[in-house]
Amino acid sequence: MSFAADVKAELCRAKLGKKCCTQAEACGVLLYCNRFSLREVKIVTESPAFAQRLPGLFHRAFGLSFDEKGDPDAPGKRIFRITAPDKVAVLWEQCAFDPAGPAHHINFGALEEEHCRLAFLRGAFLAGGSVTDPQKGYHLELATTHLRVSRELNTLLLELGYAPKETTRKANYITYFKQSEAIEDLLTAIGAPIAAMTLMNTKAEKFLRNGVNRRVNCEAANVDKTVDAALEQRRAIQILRKSGALDELTPKLQEAAQLREAHPELSLSQLAALCDPPVTKSSLSHRLRKLIQLSQKSE
């Protein structure tokens, strides 16, 4: 299963609680499902866990059953419908009633308590939410076809301490998060702490892996620099030998030249430790630079 499917399965393992919370969750489902009009409710899902949860949720919340539930044994999408006018009227009044006319709104009167608000968000995610696999990136979104609902959801999230972003995609209004910490907090709050922990662990693994890669790249670059420097130093020593200038150098410079020729693979620190007596890395570096300078004069 995908990461989003795992999240929805975890959310659906939560037991149906107080009636107020089940109503809030069901309202979230309705306002973020495929269709919620004065004539019909249509919920389409590929999540087996959500499909199993829906009948009990609506019965607990409103005492209603679906007029169509799709084939439970059929693979792929399951479609749930309510078309009976009396049932649709009940749902409309409970979840989207607007005294001024038939418009969709979040019924904030039913979301006074924080647990009810979180239940609403859980329902909205189950019906219209998705979350990217953290191995690929960090993105969680809630999509609805109702502009007012999207704007009101943004207000609801702000009141809960979140800072979502908004955009549109075709006929949908999208509320989304890109920050991994916000996604972790939201998943935990609505009932998916295991998924939030998976996200945190994946992020930690990425951080460690990137750190290792950076160190490896840095070490490789240092090795390249050491090799290039050693080659330049050996070329300088060969020039000095051909010109006869090597035998005229001071004992310290001759020792540096002999050690570099004998140990071309060693770093400056390792080479400095072989001097008699041992010298510092900077002292040996100075001697080798002096050999390069003398070779340039001898060419």
Side-chain angles (χ1 to χ4, degrees), residues 4 7-8 10-12 14 16-37 41 43 45 50 53-54 57-58 60-62 91-132 138-169 171-193 195-196 199:
V7 172
K8 292 186 178 183
E10 183 181 358
L11 292 175
C12 290
L16 298 176
K18 299 178 181 179
K19 189 170 184 178
C20 61
C21 288
T22 57
Q23 287 181 339
E25 182 178 331
C27 287
V29 171
L30 289 168
L31 292 174
Y32 277 79
C33 69
N34 295 74
R35 186 178 303 134
F36 179 28
S37 68
V41 170
I43 304 169
T45 181
F50 184 36
R53 184 178 182 85
L54 273 171
L57 176 67
F58 274 65
R60 169 75 173 155
F62 310 116
L91 298 176
W92 187 265
E93 182 176 358
Q94 289 286 338
C95 297
F97 179 72
D98 183 355
H104 296 82
H105 287 279
I106 295 177
N107 184 358
F108 282 97
L111 304 180
E112 294 182 355
E113 300 295 333
E114 183 172 335
H115 52 81
C116 291
R117 294 184 173 198
L118 295 176
F120 175 87
L121 292 174
R122 179 168 58 249
F125 182 84
L126 287 170
S130 65
V131 59
T132 301
Y138 308 117
H139 182 89
L140 181 148
E141 69 177 39
L142 299 162
T144 180
T145 56
H146 313 302
L147 175 59
R148 292 185 181 90
V149 171
S150 180
R151 289 177 175 173
E152 290 164 358
L153 180 74
N154 189 71
T155 300
L156 176 63
L157 287 166
L158 289 172
E159 291 177 356
L160 288 170
Y162 298 97
K165 296 182 179 180
E166 296 178 280
T167 189
T168 57
R169 187 185 305 128
N172 291 314
Y173 301 94
I174 312 295
T175 303
Y176 69 96
F177 295 91
K178 286 287 189 184
Q179 306 87 356
S180 60
E181 293 81 3
I183 297 172
E184 293 161 10
D185 292 343
L186 183 60
L187 289 177
T188 300
I190 65 176
L199 195 156

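Everything numeric in this text was worked out from a predicted model, so none of it was measured. Reckoned from all heavy atoms, side chains included, excluding hydrogens, waters and symmetry mates.
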Interatomic distance, Cys12 atom SG to Leu57 atom CG [nearest 0.5 angstrom]: 9.0 Å

For Phe62, which residues count as a ring pair (Phe, Tyr, Trp, His ring centres under 6.0 Å) partner, sequence neighbours excluded? Phe58

Please give me the minimum heavy-atom distance between Leu118 and Ile190, naming the atom from each residue. O-CG2, 3.9 Å

Intermediate values then yes/no, side-chain contact (heavy atoms from CB on, under 4.5 Å), Thr144 and His104: CA-CA 11 Å; Thr144 180; His104 296 82; over 6 Å; no

In terms of heavy-atom contacts, Thr188 and Ala196 come closest through OG1-CB, 3.2 Å

Do Ile106 and Phe120 pass the side-chain contact (heavy atoms from CB on, under 4.5 Å) test, and can you show the C-alpha distance, the side-chain angles, and the key distance before you say yes or no? CA-CA 9 Å; Ile106 295 177; Phe120 175 87; 3.8 Å; yes

What residue pairs, at least two apart or across chains, pass salt bridge (Lys or Arg N to Asp or Glu O under 4.0 Å) with a residue in residues 118-128? Glu25-Arg122

Would you say the side chain of Lys18 lies within less than 4.5 Å of the side chain of Cys116, judging by non-hydrogen atoms? no

List for me each residue that meets side-chain contact (heavy atoms from CB on, under 4.5 Å) alongside Ala110, sequence neighbours excluded, and say none if there are none. Asn107

For residues 155-168, run the donor-acceptor check on the side chains, cut-off 3.5 Å, and write out each pair with its distance to 0.1 Å, sequence neighbours left out.
from	atom 1	to	atom 2	distance (Å)
Thr155	OG1	Arg151	O	3.3
Glu159	OE1	Arg117	NH1	2.7
Glu159	OE1	Arg117	NH2	3.4

Side-chain donor/acceptor pairs under 3.5 Å, residues 27-36, sequence neighbours excluded:
from	atom 1	to	atom 2	distance (Å)
Asn34	OD1	Val44	N	3.0
Arg35	NH1	Glu40	OE1	2.7

Quick one: does Leu126's side chain get under 4.5 Å of Leu11's, heavy atoms only? yes

Which residues pass the salt bridge (Lys or Arg N to Asp or Glu O under 4.0 Å) test with Glu181, not counting sequence neighbours? Lys203

Does any part of the side chain of Phe125, heavy atoms only, come nearer than 4.5 Å to the side chain of Val131, both counted from C-beta? yes

Would Leu199 and Ser180 count as a side-chain contact (heavy atoms from CB on, under 4.5 Å) here? Give the steps. CA-CA 8 Å; Leu199 195 156; Ser180 60; 3.9 Å; yes

Contacts of type ring pair (Phe, Tyr, Trp, His ring centres under 6.0 Å), residue His115, not counting sequence neighbours: none

Partner residues of Glu141 under the salt bridge (Lys or Arg N to Asp or Glu O under 4.0 Å) criterion, sequence neighbours left out: Arg169

ring-ring contact (aromatic ring centres under 6.0 Å, His included): which pairs involve residues 173-192, sequence neighbours left out? His139-Tyr176

Looking only at heavy atoms, the pair that brings Leu111 and Ala24 closest together is CD2-CB, 3.5 Å

Do Leu121 and Leu153 have side chains that get closer than 4.5 Å, going by heavy atoms? yes

What verdict does the side-chain contact (heavy atoms from CB on, under 4.5 Å) test give for Val41 and Leu91, after you've listed the backbone C-alpha separation in whole Å, the side-chain angles of each residue and the deciding distance to 0.1 Å? CA-CA 9 Å; Val41 170; Leu91 298 176; 3.8 Å; yes

